[in-house]
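Contents: one structure, followed by commentary.
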Amino acid sequence: MPSDPTNKASRSKSVQPTGSPPPPSPQRASTRGPTTPAAIPKSNPLDLKAPSLTTSKKEEPVVPAGQDKGSQSQRLGVTRSASASATTSASARAAAAEAEAKAKKEKEKVEPPIDMATFEQILELDEDDPDRPFTKSIVENYYEQVDTTFTEMEEALTAQDLSALSSKGHFLKGSSAALGVTKVQATCEAMQHNGQLKDDDGSGVIDKDEAVKRIRVLVTRVRGEYEEAKKWFEEFFAESA
């Protein structure tokens, strides 16, 4: 019976030499599609919380690392305390200034612009006459002297006549001293010295320009001092009438 060559070939293929590795098995074509990476979960926009437009409570300041809220509160407390102290200090200064101004006014009431010891000597010459005719005549004569002297001072100041200014200052100084008008007396004495090219107290030497400058200030000052004394005299006689 003739042999089948196909069977021989199949047998020769199936019989393998001892010790040789088995042939690799053929790979089957994969029926699966291309491998896709794991799906990345997407965040739902609806799950994001929108920032609140209104806050129910005041946000606390951020506390730096290494510090606790207690130390921060302590610093805030110190700042508030310093601010309160500054406000209190300003109020205290305002109160002190007001008290000083009030005390000054009270002092002016207690201490009149007139030397009472000198003025009372003139009052004694009225011999208890309630109308005080002699004292009134002295005061009214003083008014006339002051008005005339002020006019002459202004004329001498315009002409920069220092000799005349010194003379007028000396004259009004004496008239004021006789009635006890101490402020006018002191200012006129300074004017007398300045007219002699000296300092207000009579010491030192000043030039003409400086003398004129000082006397100009003194003339303005003495007018105010005179008005203060005149007001006091008028109130005194009105109360004693």
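- Met116 and Pro112 make their closest contact through CG-CG, 4.0 Å (heavy atoms, listed as atom of the first residue, atom of the second, distance).
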request  = Start with the C-alpha gap between Glu154 and Arg223, add the side-chain angles, then the distance that decides, and say whether salt bridge (Lys or Arg N to Asp or Glu O under 4.0 Å) holds.
outcome  = CA-CA 11 Å; Glu154 292 290 351; Arg223 285 183 176 277; 3.5 Å; yes
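- Side-chain contact between Arg132 and Ser240: present, with at least one pair of heavy atoms (C-beta onward) separated by less than 4.5 Å.
- Tracing side-chain contacts under 4.5 Å through hydrophobic residues (I, L, V, M, F, W, Y), one reaches Phe233 starting from Ile122; they form part of the same cluster.
- In this structure, a donor-acceptor pair under 3.5 Å is present between the side chains of Asp126 and Thr135.
- In this structure, the side chains of Ile206 and Lys198 stay at 4.5 Å or more apart for every pair of heavy atoms.
- The closest donor-acceptor contact from the side chain of Ser176 to the backbone of Leu172 lies under 3.5 Å.
- Side-chain contact between Leu179 and Val139 is present, with heavy atoms from C-beta onward closer than 4.5 Å.
- Using a 4.5 Å cut-off on side-chain heavy atoms (C-beta onward), Val181 and Tyr226 make no contact.
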key: Derivation of the side chain to side chain donor-acceptor pair (under 3.5 Å) call for Ser203 and Asp201   = CA-CA 6 Å; Ser203 63; Asp201 59 358; 2.7 Å; yes
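- Across all their heavy atoms, Phe150 and Val222 have their closest contact at CE2-CG1, 3.6 Å.
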ask   = Yes or no on side chain to side chain contact (heavy atoms under 4.5 Å, CB included) for Phe237 and Asp131, after CA distance, side-chain angles and deciding distance?
value = CA-CA 8 Å; Phe237 290 122; Asp131 293 334; over 6 Å; no
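- How far CG of Leu218 is from NZ of Lys213: 12.5 Å, rounded to the nearest 0.5 Å.
- Closest approach of Asp199 and Asn194 over heavy atoms only: C-ND2, 3.7 Å.
- Of all non-hydrogen atoms in Gly180 and Thr118, the two that sit nearest each other are N-CG2, 3.8 Å.
- For the pair Glu144/Glu140, no side-chain contact is recorded, criterion being any heavy-atom separation below 4.5 Å from C-beta on.
- Atom NZ in Lys168 sits 10.5 Å away from atom OG1 in Thr151 (nearest 0.5 Å).
- The minimum heavy-atom distance linking Leu197 with Ala211 is given by the pair CD2-CB, 3.9 Å.
- We find the CZ-CG distance between Arg216 and Leu157 to be 4.5 Å, quoted to the nearest 0.5 Å.
- With sequence neighbours left out, the ring pair (Phe, Tyr, Trp, His ring centres under 6.0 Å) criterion links Tyr142 to no other residue.
- Phe134 is not listed as a side-chain neighbour of Asp129, based on a closest heavy-atom distance of 4.5 Å or more.
- Counting only heavy atoms from C-beta outward, the side chains of Val184 and Thr187 never approach each other to under 4.5 Å.
- Annotation: the span from His170 atom NE2 to Thr149 atom OG1 amounts to 12.0 Å, rounded to 0.5 Å.
- Counting heavy atoms of neighbouring residues, nucleotides and ligands inside a 6.0 Å radius, atom CG of Asp207 exceeds 12 of them.
- Closest approach of Ala156 and Ala164 over heavy atoms only: CB-CB, 3.8 Å.
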message = Show, in sequence, the C-alpha distance, side-chain angles and deciding distance for Arg214 and Val217, and conclude whether the side chain to side chain contact (heavy atoms under 4.5 Å, CB included) test is met.
response = CA-CA 5 Å; Arg214 293 189 185 187; Val217 174; 5.9 Å; no
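- Atom OG in Ser166 sits 7.5 Å away from atom CD1 in Ile215 (nearest 0.5 Å).
- Residues Met153 and Met191 are in side-chain contact: their nearest non-hydrogen atoms beyond the backbone lie under 4.5 Å apart.
- The distance from atom OG1 of Thr182 to atom CZ of Phe119, rounded to the nearest 0.5 Å, is 13.0 Å.
- Counting non-hydrogen atoms of other residues, nucleotides and ligands closer than 6.0 Å to NZ of Lys136 gives a total above 12.
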